[in-house]
Q: 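Okay, handing you the structure first.
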Amino acid sequence: MSAAKIFKTNEYLAVAVAACLMYPTLIDAAKALAAHQAGAVSAIWLLNTIPVSVFNYASSVIPVIFSILALKYIHQAVDRIMPEVLKTVFTPTLTLFLGALAALVIIGPIGIWLGKMLAWFIEGLFGVSASFAGLVVGAIRPVAILTGMHHAMTPIALQNFSDRGYDMLMPMMFMANMAIAGATFAIWRLNKDNRTVTLSAAISALLGITEPALFGVLTRYKKAFIAATVASSLASAFIAFFGVRLYGYILSSIFSLPAYIGPYFIFAISGVAIALVLSFTLTTILVGREQVK
């Protein structure tokens, strides 16, 4: 709905296209493929001629956003060529058919592969330097959450737990969440309006749920978003330099700190302090009380 409003296209058709990506048969086929079940397929054939790649779009954002963008131009093209007497019935019908087809066959798979490319990119960064990986991952993490591409990072962390017994990527996710929380707390202190909503978003980020802070607060204040990104990047590079790692999957929340107890605990605490204080301070300096409305 939000993408349709921004792209100025039909909101109901947009929701219908998104629903097509969440069609139960497709989701079930993707789960079966992921579980390597017998008889699982990698594609479903539409009309025995058009292959629809099997992916689970339940946690993705990029495929939906780009599908709605394509829907806008499809709707305009169909409406332009459709005779006036047929527009009421056939324009939305044909638009939905072509929009859903484009989403399932072309745009959706491309969005999924973009996420996978991000995962391969991150793995390559760790091959160069852990500190450099921290600097880059910390910088792209807030943007990745905005686009939904952050879900591509989780399988890397899970594979690290399986192969090495520990992971250094999730602590960086932790730093990003704390940086987002710090920037949001700064906006809460500066802003005299909607303080309840802003405080709620900041506390949610502190507890590991950053979407309210990002979509509800930081996207409105670009300088605050930049401050959170800088703090996330530097804090992640700091903990990576000292080799902070996690030995089990856990939500990236302030209450996750006990999971870091051990030889790297002091560095984990220091990283959290850097992320919170730096993002809070930078936001206060960059945004300023007079600019918050």
Side-chain angles (χ1 to χ4, degrees), residues 1-24 26-27 55-79 91-92 95-115 118 140-154 176-177 179-181 183-184 187-188 191 193-205 207-229 232 287 292-293:
M1 291 285 285
S2 299
K5 289 178 182 178
I6 292 172
F7 298 140
K8 294 181 173 59
T9 190
N10 189 294
E11 297 171 12
Y12 302 101
L13 291 177
V15 172
V17 169
C20 290
L21 290 172
M22 293 297 297
Y23 191 68
L26 183 64
I27 299 298
F55 291 112
N56 188 344
Y57 296 104
S59 299
S60 62
V61 176
I62 289 179
V64 176
I65 292 176
F66 281 102
S67 295
I68 304 312
L69 179 59
L71 178 73
K72 171 185 177 179
Y73 295 104
I74 292 171
H75 186 270
Q76 290 176 349
V78 171
D79 189 66
T91 293
T95 299
L96 178 58
F97 175 76
L98 294 176
L101 192 64
L104 289 168
V105 177
I106 302 171
I107 301 171
I110 289 176
I112 293 294
W113 281 107
L114 283 175
L118 174 63
I140 65 175
R141 178 71 181 179
V143 177
I145 296 174
L146 276 178
T147 60
M149 292 176 68
H150 63 297
H151 293 291
M153 298 182 184
T154 302
N177 287 2
I180 291 168
T184 309
I187 295 296
W188 168 76
N191 193 354
D193 300 322
N194 300 319
R195 289 174 65 84
T196 301
V197 174
T198 307
L199 180 60
S200 175
I203 294 174
S204 294
L207 299 178
I209 308 300
T210 55
E211 283 80 3
L214 281 170
F215 290 103
V217 181
L218 299 189
T219 51
R220 293 172 54 199
Y221 303 101
K222 294 180 176 61
K223 291 182 179 179
F225 183 83
I226 292 172
T229 301
S232 170
V287 178
V292 177
K293 299 179 181 178

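All residue numbers in this chain count up from 1 along the given sequence. Everything numeric in this text was worked out from a predicted model, so none of it was measured.
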Q: Which heavy-atom pair separates Ala100 from Val17 by the least distance, and what is that distance?
A: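 For Ala100 versus Val17, the nearest heavy atoms are N-CG2, 4.1 Å.
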
Q: With a 4.5 Å heavy-atom cut-off, do Ile145 and Ile180 have their side chains touching?
A: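 When only atoms from C-beta onward are counted, Ile180 and Ile145 do touch, with a gap below 4.5 Å.
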
Q: Is the CZ atom of Phe7 crowded by more than 12 outside heavy atoms at less than 6.0 Å?
A: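 Atom CZ in Phe7 is crowded, with more than 12 foreign heavy atoms closer than 6.0 Å.
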
Q: Under a 4.5 Å cut-off applied to non-hydrogen side-chain atoms, are Arg195 and Val197 in contact?
A: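 The answer is no, as the side chains (C-beta and beyond) never meet within the 4.5 Å cut-off.
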
Q: Taking the side chain as every heavy atom from C-beta outward, state whether Tyr73 and Thr9 have any atom pair closer than 4.5 Å.
A: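 A side-chain contact under 4.5 Å is absent here.
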
Q: Which heavy atom in Pro212 sits nearest to a heavy atom in Ser204, and how many Å separate them?
A: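 Heavy-atom minimum between the residues: CG-CB, 4.5 Å.
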
Q: Nearest 0.5 Å please: distance from the CZ atom of Arg141 over to the OG1 atom of Thr229.
A: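 It comes to 12.5 Å.
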
Q: Any idea which heavy atoms bring Ala70 and Ile107 closest together, and the distance?
A: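 Of all heavy-atom pairs spanning Ala70 and Ile107, the closest is CB-CD1, 3.4 Å.
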
Q: Give the minimum heavy-atom separation between Ala224 and Val287, together with the two atoms involved.
A: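 Looks like N-CG2, 3.9 Å.
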
Q: Holding to side chain to side chain contact (heavy atoms under 4.5 Å, CB included), I want the full list of residues that pass it with Leu207, two or more places apart in sequence or in another chain.
A: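 Residues passing side chain to side chain contact (heavy atoms under 4.5 Å, CB included) with Leu207: Ile203, Ser253, Ile254, Phe255.
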
Q: How close do Leu21 and Ala103 get, counting heavy atoms only, and between which atoms?
A: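 Result for this residue pair: CD2-O, 3.9 Å.
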
Q: Once you round to the nearest 0.5 Å, how far does CG of Leu71 lie from CG of Leu96?
A: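 Reported value, rounded in 0.5 Å steps: 8.0 Å.
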
Q: Would you compute the distance between atom CE of Met22 and atom CD1 of Ile27 and round it to the nearest 0.5 angstrom?
A: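 So the CE of Met22 and the CD1 of Ile27 are separated by 4.5 Å.
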
Q: With side-chain contact (heavy atoms from CB on, under 4.5 Å) as the test, would you mind laying out the steps for Leu104 and Tyr23 before giving the verdict?
A: CA-CA 10 Å; Leu104 289 168; Tyr23 191 68; over 6 Å; no

Q: Which value, rounded to the nearest 0.5 Å, describes the distance between Met1 atom CE and Ile6 atom CD1?
A: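 Going from CE on Met1 over to CD1 on Ile6, the span is 12.5 Å.
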
Q: Hey, is the main chain of Ala228 close enough, under 3.5 Å, to the side chain of Ser232 for a donor-acceptor pair?
A: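 Side chain of Ser232 to backbone of Ala228: no pair is present.
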
Q: Ala227: which residues meet the side chain to side chain contact (heavy atoms under 4.5 Å, CB included) condition with it, sequence neighbours left out?
A: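 By the side chain to side chain contact (heavy atoms under 4.5 Å, CB included) rule, Ala227 matches Leu282, Thr283, Leu286.
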
Q: Indicate the atoms forming the closest heavy-atom contact of Pro92 with Leu13, along with that distance.
A: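 In terms of heavy atoms, the two residues are closest at O-CD2, 3.7 Å.
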
Q: Say you draw a straight line from OG1 of Thr196 to CH2 of Trp188; how long is it, rounded to the nearest 0.5 Å?
A: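 Separation between the atoms: 10.0 Å.
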
Q: Phe97: which residues meet the side chain to side chain contact (heavy atoms under 4.5 Å, CB included) condition with it, sequence neighbours left out?
A: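 With neighbours one apart ignored, the set is Leu101.
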
Q: Got a second to check how far Lys72's NZ is from Ser67's OG, nearest 0.5 Å?
A: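 These two atoms lie 15.5 Å from each other.
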
Q: Under 4.5 Å between any side-chain heavy atoms of Val143 and Phe225, yes or no?
A: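 Of all side-chain heavy-atom pairs linking Phe225 with Val143, at least one is under 4.5 Å.
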
Q: Leu98: what forms a side chain to side chain contact (heavy atoms under 4.5 Å, CB included) with it, not counting sequence neighbours?
A: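 Listed in chain order: Ile74, Val78, Leu94.
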
